[in-house]
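Below, each value reflects all heavy atoms present in this structure, side chains not excepted, and no hydrogens, waters or symmetry copies. Note on naming: letters A, B, ... go to the chains in the order of the sequence lines (proteins, then strands), and numbering restarts at 1 for each one.
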Amino acid sequence: MRDRRLAWRDLDWVIISIYLLLVFFGWLNIYSAVYNPSNHAIFDFSQRYGKQMIWIAASIVIALIIIIIAPKFFSQFSYAIYGFHILSLILVLLFGKEVAGSKSWFQIGSFAIQPAEFVKYATSLALAQYLSNLDVKVGNLKATIIAGVIIILPAFLILLQNDTGSALVYVSFIFVLYRRGLSGNIFVIGLIFAFLAVLTLLLQSLTYKLILLGVILLIISLSYLFMKKNLSNVLKLFGIFAIIVAFVFSVDLGFSKLQPHQQVRIKVLLNLKQDLRGAGYNVYQSKIAIGSGSISGKGFLNGTQTKFNFVPEQSTDFIFCTVGEEWGFIGSSLVVILFVILLIRIIYVAERQRSIFSQIYGYGVASVLFFHFTINIGMVLGILPVIGIPLPFFSYGGSSLWAFTILLFIFIRQDAERMKLL
Amino acid sequence: MIMRKDKYANRKYTIYGFFIFVGIIFLIRLSILQLFNNEYVFAAENNTRKDITIYPPRGLVFDRNNKLIVYNEAIFDLMIIPKEAKDINIVNFCKLIGIDTLEYQRKYKKAKKYSRRKASIFVKQLSKTQTAFLQEKLFQFPGFYVQARTLRKYPYKNAAHLLGFIGEVNSKELKNDTFYSSGDYIGKSGIEKSYEKYLRGEKGVEKLMVDVYNREKGSFHNGKYDIPAKKGYNLHLGLDVDLQTYGEELMRNKIGAIVAIEPSSGEIISMVSAPSYDPNLLVGRIRSNNYDSLLKDKHKPLLTRALNSSYPPGSTFKLVQALIAQQEGVLYPSTTYTCHNGFNYKGLHVGCHSHTPTINLEEAIKISCNAYFCNVYRSIINNHAYKNSEMGFRKWRDYTLKMGFGKKLGIDLPYERGGNIPKVEYYDKYYGKGHWNAITTISLAIGQGEILETPLQMANEAAFIANRGYYYTPHIVAQIGDSAKNNPSFTKKNYVGINSKYFDIVVNGMEKVVENGTAKLAKIDSIAVCGKTGTAQNPHGENHSVFIAFAPKDNPQIAIAVFVENSGYGGTWAAPIASLMIEKYLKGYIPKNRKWLEKRMLEGNLIPEDER
Ligand SMILES: [Zn+2]
């Protein structure tokens with residue numbers, strides 16, 4: 001092992017460049033979304049774009065600090081960091097401030113911070129730490145359960161805060177588990193169950209649901225014809241059917257347990273409800289904003305949908321609308337392509353790691369970013385239900401920007417070490 | 001920590017695949033939304049565009065001497081769009097406009113009932129100072145705005161009936177014409193109603209951009225798509241507002257009507273319905289109160305008697321008999337009949353006053369002999385040229401219809417009545433077919449019985465006699481706009497079916513009526529007035545009197561009918577009033593030697609004492 005000081009050229013500048021591009025372009029769009037012709041000083045810190053400028057500056061400082069910190073810090077203290085953040089989630093449940101129905105903010109003076117945002121990197125660290133143990137194999141039950149607990153514990157606590165969107169993010173760690181050996185069938189099974197869930201919701205009457213179950217029973221019975229005729233297979237098939245029946249009814253039950261606005265969002269997405277004034281309004285306006293941008297957009301600061309507040313949450317969750325409206329297909333497809341390049345680059349860089357910890361952490365980073373990217377833009381484009389999670393590096397908000405910066409730069413820092421491990 | 005051989009390494013490709021798959025889905029979705037769909041471009045414009053209706057000023061009205069008689073005054077309504085007024089501070093708002101919250105809720109509910117998205121009036125007709133004060137504060141209350149409108153003003157307080165009034169559109173009018181929206185004004189009567197389409201102009205649209213809270217954010221495409229409002233056409237009337245004013249003064253404390261027509265054009269020079277009212281009373285906030293009290297007034301000041309009341313024409317109808325009989329060849333200027341205090345036939349008696357027993361046509365007109373015209377009428381009905389008296393009656397009736405009796409003349413005012421000339425079927429039903437004849441219907445000869453005429457039709461009779469055989473459809477509006485032509489039907493001569501040569505003797509008779517006949521009080525120095533008195537029997541009290549006239553005899557400028565209820569004999573009130581109108585119109589003043597008559601007419605109170 002050669003001891004070498006960290007050199008700037010060891011950093012992955014492709015990732016850093018894309019990061020800076022996204023942050024800068026994001027800021028431009030926040031500026032435009034909030035823009036007010038009578039008051040447009042860039043350094044007006046009472047405006048969101050002014051604040052975001054501060055968050056960006058702070059993020060760069062955070063990135064520099066992470067680069068300076070010895071990379072071993074994160075691998076050695078990963079469980080401690082994880083524990084610290086889990087504690088913050090418990091504390092926010094006890095002492096947090098409720099904003100729009102979610103108890104997920106710490107308020108310190110005029111400054112508010114959302115701990116849930118930071119748990120993603122902590123979970124990635126802890127998961128990487130656990131899975132990089134030589135004797136841990138994802139295939140076996142104990143490892144799967146422990147990895148599952150690491151993932152599900154924060155998700156559960158966030159769910160208690162009433163922040164469904166942020167909790168769902170933890171589903172993304174399935175990619176990490178998959179890469180580490182979780183059966184690929186998980187995706188097939190996942191798809192089948194997702195399909196079943198949608199069908200269950202579409203078939204609203206009990207009769208149709210029973211017919212659906214009847215058809216499934218028929219398929220399972222037929223498949224027995226092609227199997228070894230023994231009791232264990234009969235029990236297996238029976239077990240599968242029982243799980244399906246339980247699933248169908250628990251989807252129903254779970255759906256009824258959702259808050260009314262969430263139910264409506266799902267119904268609107270499934271076209272069960274045409275509601276352009278209520279829940280469908282946001283998505284409709286968002287589609288108008290993007291659609292009206294046409295090929296080259298209305299131009300910077302010229303978007304009427306966003307500037308005149310037709311699009312809700314335009315500087316946070318719906319920031320991509322501003323891109324679509326003002327920069328058109330050219331701008332919005334560029335953002336999509338940048339994200340895909342970033343994700344691929346992260347996997348590529350993860351794969352070149354010699355440390356399993358770094359590699360797994362890299363997969364964690366990519367998974368979290370991929371999930372946010374997919375859910376956020378899918379929502380804005382009207383192909384996924386409205387789940388309020390930010391677009392990484394883009395959306396307005398200090399907590400999310402800092403958290404994604406930390407998430408990404410820990411990885412960049414780990415990667416810069418790869419030469420030393422020879 | 002060092003990596004072992006990784007049997008799952010290939011799984012990275014699955015993950016790359018996932019990322020690229022989602023990226024492609026998004027790019028496809030983006031191209032569907034942005035490249036292959038126009039719908040959203042329009043939807044975005046619709047979102048931000050707010051159309052502000054620009055109300056055009058209503059057309060002005062001028063009299064025949066270009067005097068302005070109707071103009072506009074701006075008023076302001078406070079409008080509400082219920083959908084947008086949801087989240088306002090109601091207490092503050094009520095304080096601002098000076099109502100209580102209960103009142104607010106009531107008005108809000110009413111507006112919401114009309115439409116949630118469309119504007120309706122919240123507070124009507126604010127004063128200028130109120131408006132200025134409100135407009136500074138109104139930005140705090142989304143969903144409210146001030147709409148400028150125009151009210152009508154009448155510098156001369158006359159001609160209320162023919163000018164009419166405007167009022168808010170009712171639900172039926174809203175449904176029938178998409179031009180209007182709630183709170184708009186529409187002509188309700190008079191020329192305001194009949195010329196509504198010209199007077200109202202065309203609404204304009206100012207296209208603004210608004211944000212989601214409907215706050216204005218500047219003009220849409222710099223006003224490129226704005227539609228300017230087009231002001232309504234001005235109307236130029238044949239009315240002489242000074243003569244109208246004079247006529248209304250003369251008719252003060254009387255019930256009746258005056259209609260004066262320019263025979264050479266059919267333009268109405270003056271049309272008085274008495275009692276009348278100040279048109280300014282039916283404007284603005286005071287309107288509904290005043291309207292109610294006018295409606296309750298037992299003398300019915302809202303009734304346009306000139307068009308809507310019909311009376312028996314009395315002796316003025318004798319002229320019609322003289323014309324028809326000559327045209328039918330059953331009467332000549334030299335034809336004489338003898339009258340011994342009236343017409344007697346088999347026990348039937350139509351009285352007459354005492355005069356030289358045997359008279360010719362001209363004398364008969366001059367002294368208005370009943371017996372003479374009973375005989376004339378009988379000769380028309382019993383004309384041997386026709387199979388029977390029913391055929392004679394039909395012929396007679398056809399003439400009267402051609403003269404404009406028994407049907408609407410088609411004046412450019414709403415609610416005209418047509419009067420009545422009885423039909424054959426009427427008598428068939430009453431007496432049985434073949435069981436009636438000239439004698440049964442003899443009262444028609446002297447303008448009594450079932451005949452009814454509006455004062456307008458009486459004036460029109462004077463007009464077609466003045467023209468010696470034709471009339472133009474009487475009309476109020478001489479010209480629409482500055483160059484636009486008026487209704488072509490108003491320039492068409494309506495021939496009455498009588499050869500002009502038969503008018504000479506009738507006109508001469510009418511001249512004699514004024515010179516030294518039944519209407520000597522109508523005589524004017526240096527102007528030959530031709531007239532005819534009439535009396536309509538009134539079973540309820542004093543008879544109604546009527547006088548029709550035109551002047552001068554050659555090249556007539558004015559044809560007039562004056563109808564005064566309960567005034568007794570036609571020569572006493574109706575004739576002097578008509579002559580004063582004629583003199584005022586032709587000379588512009590009343591000479592000293594006739595001031596006493598003018599005074600007597602102005603001061604006369606002919607409203608029955610028990611009704612005053
Ligand atoms: Zn006589």
Side-chain angles (χ1 to χ4, degrees), chain A residues 37 75 132 134 138 175 178-182 184 187 284-285 287-295 297-298 303-305 307-312 324-325 328-329 332-333 336-337 339-341 343-344 347-348 350-351 353-357 359 363 366-367 370 373-374 377-378 381-383 421, chain B residues 1-50 83 86 116-117 142 207-221:
Chain A
S75 49
S132 58
L134 284 173
V138 172
F175 282 104
Y178 169 72
R179 174 62 184 87
R180 293 309 301 163
L182 188 70
F187 291 108
Y284 181 61
Q285 292 299 349
K287 281 198 283 190
I288 291 175
I290 291 169
S292 66
S294 295
I295 182 151
K298 297 175 187 171
T304 53
Q305 277 295 100
K307 211 165 55 184
F308 296 158
N309 296 315
F310 286 94
V311 178
E325 186 177 22
F329 181 73
S332 42
S333 56
V336 168
I337 289 166
F339 265 106
V340 173
I341 292 174
L343 292 168
I344 287 173
I347 296 299
Y348 171 81
E351 288 291 342
Q353 300 304 308
R354 284 140 206 250
S355 141
I356 302 177
F357 173 82
Q359 188 203 55
Y363 267 85
S367 303
F370 173 67
F373 164 73
T374 306
I377 294 183
L381 295 181
I383 48 184
L421 290 169
Chain B
M1 292 282 277
I2 303 295
M3 276 203 183
R4 298 169 293 180
K5 188 174 164 2
D6 185 351
K7 61 173 174 174
Y8 301 116
N10 282 338
R11 288 192 168 183
K12 66 178 183 240
Y13 297 115
T14 315
I15 289 168
Y16 285 144
F18 259 104
F19 295 172
I20 291 166
F21 173 73
V22 169
I24 287 171
I25 294 280
F26 285 173
L27 292 180
I28 290 171
R29 178 68 174 172
L30 279 171
S31 56
I32 290 171
L33 290 177
Q34 298 184 307
L35 305 182
F36 305 111
N37 207 327
N38 267 337
E39 170 197 340
Y40 297 107
V41 177
F42 297 121
E45 287 194 352
N46 272 342
N47 261 342
T48 49
R49 228 180 60 200
K50 178 180 176 181
K83 196 187 87 148
K86 273 185 307 203
R116 272 170 45 72
R117 288 185 307 113
K207 292 174 193 288
L208 296 177
M209 294 207 294
V210 290
D211 68 6
V212 72
Y213 308 111
N214 212 27
R215 287 183 300 221
E216 288 166 16
K217 295 282 179 184
S219 65
F220 179 74
H221 285 275

Top contributor to chain B contacts, counting heavy-atom pairs under 4.5 Å, from A:G324, A:G291, A:A366
A:G291
Does any N or O in the side chain of B:Q34 come within less than 3.5 Å of the main-chain N or O of A:F329, such that one atom is a donor and the other an acceptor?
yes
So which part of B:I15 gets closer than 4.5 Å to some heavy atom of chain A, the side chain, the backbone, both or neither?
side chain
Here the gap from B:K12 atom NZ to A:I344 atom CD1, rounded to the nearest 0.5 Å, amounts to 13.0 Å
How about B:F18 and A:F175: are their ring centres within less than 6.0 Å of each other?
yes
Toward chain A, the part of B:I24 with a non-hydrogen atom under 4.5 Å
neither
Considering only heavy atoms, which portion of A:Y363 lies under 4.5 Å from any heavy atom of chain B: side chain, backbone, both, or neither?
side chain
Of B:I32, B:L35, B:T14, the largest count of non-hydrogen pairs under 4.5 angstrom with chain A goes to B:L35
Crowding at OH, B:Y16 (>12 non-hydrogen neighbours, <6.0 Å):
yes
Check each atom of B:L27 against the heavy atoms of chain A and say whether the ones under 4.5 Å are side chain, backbone, both or neither.
both
Greatest number of non-hydrogen atom pairs under 4.5 angstrom with chain B, of A:G303, A:S333, A:G297, A:A289, falls to A:S333
Could you tell me which portion of B:F36 (side chain, backbone, both or neither) has an atom closer than 4.5 angstrom to a non-hydrogen atom of chain A?
neither
Using a 4.5 angstrom heavy-atom cutoff, name the option from A:I337, A:I377, A:I295 with the most pairs to chain B.
A:I377
Determine, for A:R179 against A:E351, whether the closest basic-nitrogen to carboxylate-oxygen distance falls under 4.0 angstrom.
yes
So which atom in B:V41 and which in A:S294 form the shortest heavy-atom distance, rounded to 0.1 Å?
CG2-OG, 3.7 Å
Ring-ring centroid check B:F19 A:F373, cutoff 6.0 Å
no
